[in-house]
Protein chains: 2
Amino acid sequence: MQPKRNTWQREAVRVELVDAPGFVSAQELHRRLKDGGSTVGLATVYRALAHLAEVGDADSLQSPEGETLFRSCETTAHHHHLVCRKCGETRELAATVVEEWANRVGSKHGFTEIGHVVDLFGLCPSCSAAE
Amino acid sequence: MQPKRNTWQREAVRVELVDAPGFVSAQELHRRLKDGGSTVGLATVYRALAHLAEVGDADSLQSPEGETLFRSCETTAHHHHLVCRKCGETRELAATVVEEWANRVGSKHGFTEIGHVVDLFGLCPSCSAAE
DNA sequence: CTCCTTGTTGCGAATGATTCTCATAAGCGC
DNA sequence: GCGCTTATGAGAATCATTCGCAACAAGGAG
C-alpha cells in the first residue's frame, strides 16, 4: 500500500538512497542515516524502501549473500546492472539483446508472461587494478 | 571443502534433490526427507547442498523471498533456467548469446572477472492455459 | 574382523536480516 | 487548534542459515 502522508523520514531515506553509490542494503542505509545524525528507525527504513520499490523509484535485487539490495533508479524504464563486487560501483545497462533473447527463448518453450533477472557482477577498473 | 567420505545422508539428499520438481529450498528438502522417514538433520542438508553446489552437481539461486533454492543439474556446464512461476517447472537453457553479451558489455566498461545471474520466469504452457 | 583416526552428523544455540506489535507521535483536512 | 488516522520506533518475534561441539561412523591399517 502506498503511503498517504509525507514524512521527513521517508524523504530522508529517498535522499540517502540517491546519494548512495550503487546498491545498498536496508541495513547499510539505516547505518548511513544514523551516522548522518538521523534517528530514523530500522523498521521505517524497510517500510520506506518497500514503498519506493513499489512505486518504481527504487529497484531491488537479492545479493548472493541473501540480503536484499536497493538502488534508486533514474529511469523507470526496464534495465539491468553491472555491479562491482568489491566496491559496489554500478553501471546501468540497456540490454535490448537480452530482452529479445528472453522473449524468443520463452516463447520457444511455450512460456508466457516472461520476466527475467539479469545482472552482471565483476571487478570495476579500479578494483581490478588493486588486485 | 569437498567431503572425503560417503554417507547415506549425503546420498539421500542427492537423491531427494533429483526427485524434486524444479527448484527446492533447503528447508523444503529437509521436510521431504523427514516425511519420507529419513532422520537427516537440517544442518546436514545444508552442508550436503553446499557440497553439491560446489562440485557443480547442483545449482543455486536466490528466490525473491530471500530463500536459497537448489536444483540438481544434468550438465555440469554453465547454463541458465526458465522457471514457471506457478508450478515450478524448469527448463535448462544454454545461453551462449548471454555469455557473450555479458563479457562484451563487461569489458566495454573495463570490468574484469565478469560473473552473471540470468534467470527467466514465466508461465509454462499448462499454467498459461489454466489462466 | 577389530581398532583407530578423522571427517561427519545432529542437536541446540547463535546470528542476521526482515517483519510484526502496539503504544506514541505526527500529518492533514476542518 | 482539534480530532481522526496513519506512520513511526523500539523491541520482540520469525525465518533461514550457520556455528560449536560432543557422539558417531567410514575406511584404512594391522
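Below, chain A is the first sequence line, B the second, and so on; all start at residue 1.
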Task: Candidate nucleotides D/dT17, C/dG10, D/dG9, ranked by approach to the side chain of B/R47 - the nearest - done: C/dG10

Task: Side-chain heavy atoms of A/R47 within contact of A/T44, under 4.5 Å - done: yes

Task: B/H51 NE2 - D/dT18 P separation (whole Å) - done: 12 Å

Open item on the list: Of the options D/dC19, D/dT8, D/dG27, whose atoms approach the side-chain atoms of B/N6 most closely?
Closed with: D/dG27

Open item on the list: Do A/F111 and B/L82 have side chains that approach each other closer than 4.5 Å (heavy atoms only, starting at C-beta)?
Closed with: yes

Task: Separation of atom CG in A/L33 from atom C1' in D/dG9, rounded to whole Å - done: 14 Å

TODO: Indicate the atoms forming the closest heavy-atom contact of A/A26 with A/V45, along with that distance.
DONE: O-CG1, 3.9 Å

Task: Between CG on residue A/L17 and CZ on residue A/R32, distance to nearest 0.5 Å - done: 9.5 Å

Task: Separation of atom CG in B/L52 from atom P in C/dT8, rounded to whole Å - done: 13 Å

Task: Closest listed nucleotide, where the reference is the side chain of B/V40 and the choices are C/dG10, D/dG27, C/dT18 - done: C/dG10

Task: B/H30 NE2 - D/dC15 C1' separation (whole Å) - done: 15 Å

Open item on the list: Of the options C/dG10, D/dG11, C/dA17, whose atoms approach the side-chain atoms of A/Q27 most closely?
Closed with: C/dA17

Task: Inter-end axis angle, the helix from C/dC1-D/dG30 to C/dC30-D/dG1, with every axis fitted to five base pairs (rounded, 10 degrees) - done: 30°

Task: B/T7 side chain, from C-beta outward: closest of C/dT18, C/dC11, C/dT9 - done: C/dT9

TODO: Take atom CD of A/E28 and atom P of C/dG16, then tell me their distance rounded to the nearest Å.
DONE: 15 Å

Task: D/dA16 phosphate, OP1 or OP2, under 4.0 Å from B/T68 side-chain N/O - done: no

Open item on the list: Can you see if the side chain of B/Q9 gets near the phosphate of D/dA25 - specifically, an N or O under 4.0 Å from OP1 or OP2?
Closed with: no

TODO: Find out whether B/R71 and B/V24 are in side-chain contact, i.e. whether some heavy atom of one side chain is under 4.5 Å from a heavy atom of the other.
DONE: no

TODO: Please check if B/L29 and B/L69 belong to a single hydrophobic cluster, counting links between Ile, Leu, Val, Met, Phe, Trp and Tyr side chain heavy atoms closer than 4.5 Å.
DONE: no

Task: A/R5 side chain, from C-beta outward: closest of D/dG20, C/dT18, C/dC28 - done: C/dC28

Task: Between C/dG16 (C1') and A/Y46 (OH): distance, integer Å - done: 9 Å

Task: B/W8 vs B/E67, nearer the 5' end of DNA chain D by closest nucleotide - done: B/E67

Open item on the list: Please report the distance, rounded to the nearest Å, between CG in B/L42 and P in C/dT8.
Closed with: 18 Å

Open item on the list: For a quick check of understanding: with a heavy-atom distance under 4.0 Å over all strands, which category does B/T39 fall into, base, sugar-phosphate or nothing?
Closed with: sugar-phosphate

Open item on the list: With a 4.5 Å cut-off on side-chain heavy atoms, are A/S72 and A/F23 touching?
Closed with: no

- [ ] Mind listing the closest non-hydrogen atom pair of A/S60 and A/T68 along with its distance?
- [x] CB-CG2, 4.2 Å

Task: d(CG, B/L49; P, C/dT8) in whole Å - done: 15 Å

